[in-house]
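Presented below is the structure to which this report refers.
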Amino acid sequence: MDHKVTSFDGKADGSIVLPDDIFGLEPRADILQRMVRWQLSKRQAGTHKTKTRGEISATTKKFGNQKGGGRARHGAKSAPQFRGGGKAFGPVVRSHEHDLPKKVRALALKHALSDKLKGDKLIVVADAVANEPKTKALAERFAKLGLANALIIDGAAVDVNFAKAARNIIGVDVLPVQGINVYDIMRRDTLVLTKAAVEALTERFK
């Protein structure tokens with residue numbers, strides 16, 4: 001399908017063909033959810049930890065009478081029911097990562113791209129270049145396109161001046177095409193692709 005190409009100054013700059021097998025799918029929320037969950041689980045630290053009763057330093061002396069006290073015959077203060085005792089079935093250090101087939105991950109990216117196009121939240125620009133690393137100048141260019149919350153994907157390498165100018169703008173992320181991912185696409189309102197990014201994605205899914 002044909003999609004118009006614009007510039008960050010808001011001017012038309014021709015058109016580009018977006019492959020239907022990448023940008024023309026019917027988005028499925030379940031696949032997107034599985035992918036986002038996989039990404040977030042993979043990066044979760046998993047360093048939470050509580051002490052079990054075997055790791056608690058507490059007296060093991062019997063602290064009550066064997067009989068006549070009207071309570072259980074406890075022999076350790078480290079039991080979970082006592083204040084300062086160990087935690088029963090508490091969290092331990094572990095990885096939260098789980099498997100997700102490579103084909104599902106690739107399909108999820110296609111669905112994320114198709115979702116942005118279907119919702120009129122996809123903008124294709126000729127390039128992402130700035131003459132100087134000035135945040136104010138770049139913010140004014142973004143305003144012409146109405147970009148307040150956006151993910152900008154460039155080709156194999158991001159223009160240094162553009163990246164420096166954009167990194168101070170809240171709500172705007174800039175990534176090379178190698179770093180494109182479903183979570184970042186879905187968390188931003190608008191997706192901006194350069195021509196180089198579209199070509200790289202087309203080549204990637206051949």
Side-chain angles (χ1 to χ4, degrees), residues 1-29 31-33 35-40 43 105-205:
M1 70 188 76
D2 287 335
H3 191 80
K4 67 178 181 179
V5 177
T6 184
S7 68
F8 281 111
D9 295 320
K11 299 177 181 178
D13 195 2
S15 63
I16 192 171
V17 177
L18 299 179
D20 289 336
D21 59 340
I22 300 176
F23 294 89
L25 303 179
E26 186 63 32
R28 281 180 51 183
I31 292 180
L32 295 175
Q33 186 272 343
M35 184 62 188
V36 170
R37 180 173 174 267
W38 179 81
Q39 281 188 248
L40 297 184
R43 77 180 192 181
R105 284 180 267 157
L107 185 61
L109 181 55
K110 292 180 182 179
H111 279 245
L113 295 170
S114 298
D115 180 69
K116 289 301 181 184
L117 180 60
K118 185 178 180 181
D120 292 327
K121 297 294 184 179
L122 175 64
I123 298 175
V124 179
V125 295
D127 52 40
V129 179
N131 295 326
E132 52 184 357
K134 296 295 183 180
T135 300
K136 182 179 179 181
L138 189 60
E140 291 174 353
R141 294 174 68 188
F142 285 173
K144 293 178 181 178
L145 284 180
L147 298 180
N149 189 290
L151 171 65
I152 301 171
I153 303 294
D154 202 351
V158 178
D159 181 69
V160 176
N161 287 340
F162 187 90
K164 287 182 177 179
R167 67 186 178 187
N168 289 327
I169 302 176
I170 297 174
V172 174
D173 297 323
V174 180
L175 293 174
V177 71
Q178 301 94 318
I180 190 171
N181 63 90
V182 174
Y183 176 67
D184 281 331
I185 291 174
M186 301 307 295
R187 71 191 285 261
R188 293 303 180 194
D189 184 55
T190 306
L191 175 63
V192 180
L193 299 176
T194 63
K195 279 185 176 181
V198 173
E199 292 169 1
L201 288 170
T202 303
E203 186 66 27
R204 173 175 173 177
F205 289 118

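Numbers for residues simply follow the sequence, beginning at 1. All values derive from a computational prediction rather than experimental measurement.
Here the rule is side-chain contact (heavy atoms from CB on, under 4.5 Å) with Leu25, and of Ile31, Leu117, Leu107 only Leu107 fits it. For the side-chain contact (heavy atoms from CB on, under 4.5 Å) with Met186, the lone residue among Val182, Asp189, Asp184 that qualifies is Val182. Residue Asn181 forms a side chain to side chain donor-acceptor pair (under 3.5 Å) with just one option from Arg187, Gln39, Arg105, and that option is Gln39.
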Val192 and Leu145: CA distance, side-chain angles, deciding distance, side chain to side chain contact (heavy atoms under 4.5 Å, CB included) verdict: CA-CA 10 Å; Val192 180; Leu145 284 180; 6.0 Å; no

From CA spacing to verdict: side chain to side chain contact (heavy atoms under 4.5 Å, CB included), Leu191, Ile153: CA-CA 8 Å; Leu191 175 63; Ile153 303 294; 4.0 Å; yes

Candidate pair Glu140 and Lys136, rule side chain to side chain contact (heavy atoms under 4.5 Å, CB included), full reasoning: CA-CA 6 Å; Glu140 291 174 353; Lys136 182 179 179 181; 3.7 Å; yes

Full working for side chain to side chain contact (heavy atoms under 4.5 Å, CB included) between Lys164 and Val160: CA-CA 6 Å; Lys164 287 182 177 179; Val160 176; 3.7 Å; yes

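Using a cut-off of 4.0 Å between Lys/Arg side-chain N and Asp/Glu carboxylate O, Asp173 and Arg188 are scored as salt-bridged. Residues Asp127 and Lys195 are not paired through a salt bridge, judged by the lack of any N-O separation under 4.0 Å between the basic side chain and the carboxylate.
Taking both residues in full, the closest heavy atoms of Ala166 and Val174 are given as CB-CG2, 3.6 Å, listed atom of the first, atom of the second, then distance. The two residues Lys118 and Pro27 come nearest to each other via the heavy atoms CD-CD, 4.0 Å. Nearest heavy-atom pair across Ile16 and Val198 is CD1-CG1, 3.8 Å. In this structure, His3 and Leu122 approach most closely via the heavy-atom pair NE2-O, 3.3 Å. A pairwise comparison of heavy atoms in Pro176 and Ala156 identifies CB-O, 3.8 Å as the closest pair. Across all non-hydrogen atoms, the minimal contact from Ala130 to Asp159 is N-OD2, 3.2 Å.
Taking CD of Glu132 as the reference point, atom CG of Leu138 lies at 11.0 Å (rounded to 0.5 Å). Distance check: Lys11 NZ to Thr6 OG1 gives 10.0 Å after rounding to the nearest 0.5 Å. Interatomic distance, CD1 of Ile185 versus OG1 of Thr190, reported as 12.5 Å (0.5 Å rounding). How far CG of Asn149 is from NZ of Lys121: 9.5 Å, rounded to the nearest 0.5 Å. Taking CG of Leu18 as the start and CE of Met1 as the end, the distance is 6.5 Å to the nearest 0.5 Å. One finds the CG atom of Leu193 at 10.5 Å from the CD1 atom of Ile152 (value rounded to the nearest 0.5 Å).
Note: Phe205 and Phe23 fail the aromatic proximity criterion, with ring centroids not under 6.0 Å apart.
Without hydrogens or angle criteria, Asp154 side chain to Ala197 main chain gives no donor-acceptor distance under 3.5 Å. Remark: side-chain polar atoms of Ser114 are paired, donor with acceptor, to backbone N or O of Ile22 under 3.5 angstrom. Side chain of Thr135 to main chain of Ala165: a donor-acceptor pair is present (N/O by atom type, distance under 3.5 Å, no hydrogens or angles).
Other residues, nucleotides and ligands contribute only 12 or fewer heavy atoms inside 6.0 Å of the CG atom of Asn131.
Between Phe162 and Phe142, the two ring planes are perpendicular [angle over 60°; tilted spans 30° to 60°].
At least one side-chain heavy atom of Asp2 sits less than 4.5 Å from a side-chain heavy atom of Val17. In this structure, Arg43 and Trp38 have side chains that are not in contact, with every pair of non-hydrogen atoms separated by 4.5 Å or more.
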